[in-house]
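One structure is given below, encoded as structure tokens.
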Amino acid sequence: MLFRSAVEDDLDRLLGCVVDESISWAHPERLLSFLESGNYRYDRIWLAVADDGEILARAVWWGFPDGDRPLALDCVYVHPSVDDRVGLAAELLGRAHEAYGRAIEYHVFVTRGWRDHPKAAAAIAWRWEAAGRAGLTEELERLRYEWTAGPVPEPSDRLVFRGDDDDEVFVEAFRRVAVGTLDFHTRQALVTMDPLEQAREDVRDNRSMRGDRSWWRLAYDKSGDLVGVALPSANDGGPVVGYLGVVPEHRGHGYVDDLLGEITRVHAEHGVQRILADTDSGNVPMARAFERAGYHNFAIRLVLSANPVNA
């Protein structure tokens with residue numbers, strides 16, 4: 001058996017890798033579309049190939065078209081004829097991680113209540129075991145929310161929102177917001193990264209999204225103190241709540257509602273009919289803010305990542 005990254009001549013065989021399970025995966029339409037856009041690349045698709053050329057396992061990673069690294073594992077497929085699908089998938093992921101120099105997060109989208117659906121639970125179970133063997137041992141469940149043309153919030157009467165063309169101003173704001181955050185990804189990053197470096201990476205990642213940089217806002221109270229950050233943005237799925245956060249000294253006053261209201265209003269003023277957003281299941285204050293603002297929890301994103309100490 002040969003483990004390698006894909007090449008263009010593999011395309012027909014790649015399109016034949018079909019997942020008949022109740023989870024998100026890189027289906028043929030998505031594969032073709034994202035290969036064209038650059039979110040998928042052949043060198044970010046890894047294969048386990050039998051001696052006769054048949055693909056026995058496939059793993060597909062997603063990234064920004066102009067990015068220099070894949071950001072998330074999108075799909076793990078193993079041919080039905082393989083007896084030890086956990087073992088083969090784990091070896092394939094391990095080979096790819098070695099080539100990338102790090103273990104990259106695995107994201108799976110499922111419906112609410114997926115644990116009560118045997119087919120979905122089984123599809124997740126063997127993939128989770130394989131990913132864990134390959135070093136992705138940290139489990140996170142994120143709640144997916146949507147706003148669908150509900151009431152548009154009134155402008156905040158407590159905060160003043162301003163843009164700023166200087167990315168370093170946002171870097172400093174991100175650094176301050178990260179102190180004491182409930183966000184799992186940020187807490188993980190800060191285990192091994194300098195706070196300023198982590199903030200710069202967050203700003204770079206948000207810059208790489210499809211949202212307009214001019215939409216970014218800093219929120220100040222009437223005395224001119226920075227209260228927080230509000231970033232309306234967009235990704236491949238459409239308009240999103242890109243980022244929001246309150247600096248530690250202003251938490252506990254409900255400013256999260258003002259920030260989320262500003263993001264919602266900016267999108268609505270551009271005629272948006274649907275806004276998507278995610279938050280960690282453990283970030284209860286943010287989840288409650290979404291619900292107060294008329295956002296509906298419609299799905300779940302499961303994320304497996306490496307322990308930052310061992311990555």
Side-chain angles (χ1 to χ4, degrees), residues 1-36 39-63 70-100 103-137 139-141 144 236 299-306:
M1 187 180 305
L2 177 65
F3 294 89
R4 61 171 174 83
S5 56
V7 295
E8 287 189 40
D9 287 346
D10 293 316
L11 181 58
D12 287 344
R13 290 187 294 274
L14 289 171
L15 294 173
C17 298
V18 176
V19 174
D20 183 23
E21 295 168 298
S22 303
I23 61 170
S24 62
W25 60 287
H27 53 77
E29 182 181 351
R30 180 181 177 89
L31 188 73
L32 289 171
S33 174
F34 280 13
L35 281 172
E36 182 177 356
N39 293 109
Y40 290 163
R41 294 185 351 200
Y42 287 104
D43 63 345
R44 294 175 183 171
I45 300 173
W46 273 73
L47 308 174
V49 183
D51 293 340
D52 62 2
E54 183 173 22
I55 294 175
L56 296 182
R58 182 191 78 172
V60 183
W61 280 264
W62 178 95
L71 297 177
L73 174 63
D74 245 11
C75 180
V76 176
Y77 158 91
V78 175
H79 194 278
S81 66
V82 175
D83 291 330
D84 183 12
R85 59 186 179 183
V86 171
L88 181 57
E91 185 168 2
L92 178 62
L93 295 180
R95 297 289 187 102
H97 292 166
E98 184 177 355
Y100 294 142
I104 300 165
E105 291 182 349
Y106 181 21
H107 293 222
V108 182
F109 297 89
V110 291
T111 59
R112 294 178 62 194
W114 64 272
R115 290 181 179 82
D116 298 325
H117 299 283
K119 191 172 181 180
I124 293 297
W126 73 262
R127 289 176 170 86
W128 251 218
E129 184 178 351
R133 290 189 194 179
L136 300 176
T137 57
E139 299 184 9
L140 174 66
E141 184 168 302
R144 304 200 71 209
D236 294 322
I300 303 293
R301 179 204 301 254
L302 303 175
V303 182
L304 275 185
S305 59

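Side chains included, hydrogens not; waters and symmetry mates left out as well; all remaining heavy atoms used.
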Partner of L304 by side-chain contact (heavy atoms from CB on, under 4.5 Å), out of L136, T137, L140 =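 By the side-chain contact (heavy atoms from CB on, under 4.5 Å) criterion, L304 pairs with just one of L136, T137, L140: L136.
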
Main-chain N/O of G135 paired with H97 side-chain donor or acceptor, under 3.5 Å |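 No, because the side chain of H97 does not come within donor-acceptor range (under 3.5 Å) of the backbone of G135.
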
Without swapping roles, check the side chain of R44 against the backbone of G63 for a donor-acceptor pair under 3.5 Å.
->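 No; judged by distance alone, with no hydrogens or angles, the pair does not exist.
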
For V303 and H107, work out which heavy atoms get closest and say how close.
->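 V303 and H107 have their closest heavy atoms at CG1-NE2, 3.8 Å.
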
Find the distance between [atom1] ([X]) and [atom2] ([Y]) and round it off to the nearest 0.5 Å.
X: D74; Y: H27; atom1: CG; atom2: NE2; value: 9.5 Å
X: I23; Y: I124; atom1: CD1; atom2: CD1; value: 5.0 Å
X: L14; Y: Y40; atom1: CG; atom2: OH; value: 11.5 Å
X: I45; Y: S5; atom1: CD1; atom2: OG; value: 9.5 Å
X: L93; Y: L88; atom1: CG; atom2: CG; value: 9.5 Å

Please tell me if the side chains of W25 and V60 come closer than 4.5 Å, counting only heavy atoms from C-beta onward.
-> no

Residues in salt bridge (charged side-chain N to carboxylate O under 4.0 Å, His left out) with [X], at least two apart?
X: E98; value: none
X: E141; value: R115
X: D20; value: K119

Set of residues satisfying side chain to side chain contact (heavy atoms under 4.5 Å, CB included) with respect to D43, sequence neighbours excluded =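 By the side chain to side chain contact (heavy atoms under 4.5 Å, CB included) rule, D43 matches R41.
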
Partners meeting side chain to side chain contact (heavy atoms under 4.5 Å, CB included) with R144 (sequence neighbours left out) =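 R144 satisfies side chain to side chain contact (heavy atoms under 4.5 Å, CB included) with F109, L276, D278, F298, A299, R301 only.
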
Is there any salt bridge (charged side-chain N to carboxylate O under 4.0 Å, His left out) pair reaching into residues 79-92, and which pairs are they, with sequence neighbours excluded?
-> E91-R95

State whether R4 and D10 are salt-bridged, where the test is any N-O pair (Lys NZ or Arg NE/NH1/NH2 against Asp/Glu carboxylate O) under 4.0 Å.
->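 Salt bridge between R4 and D10, a charged N being under 4.0 Å from a carboxylate O: yes.
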
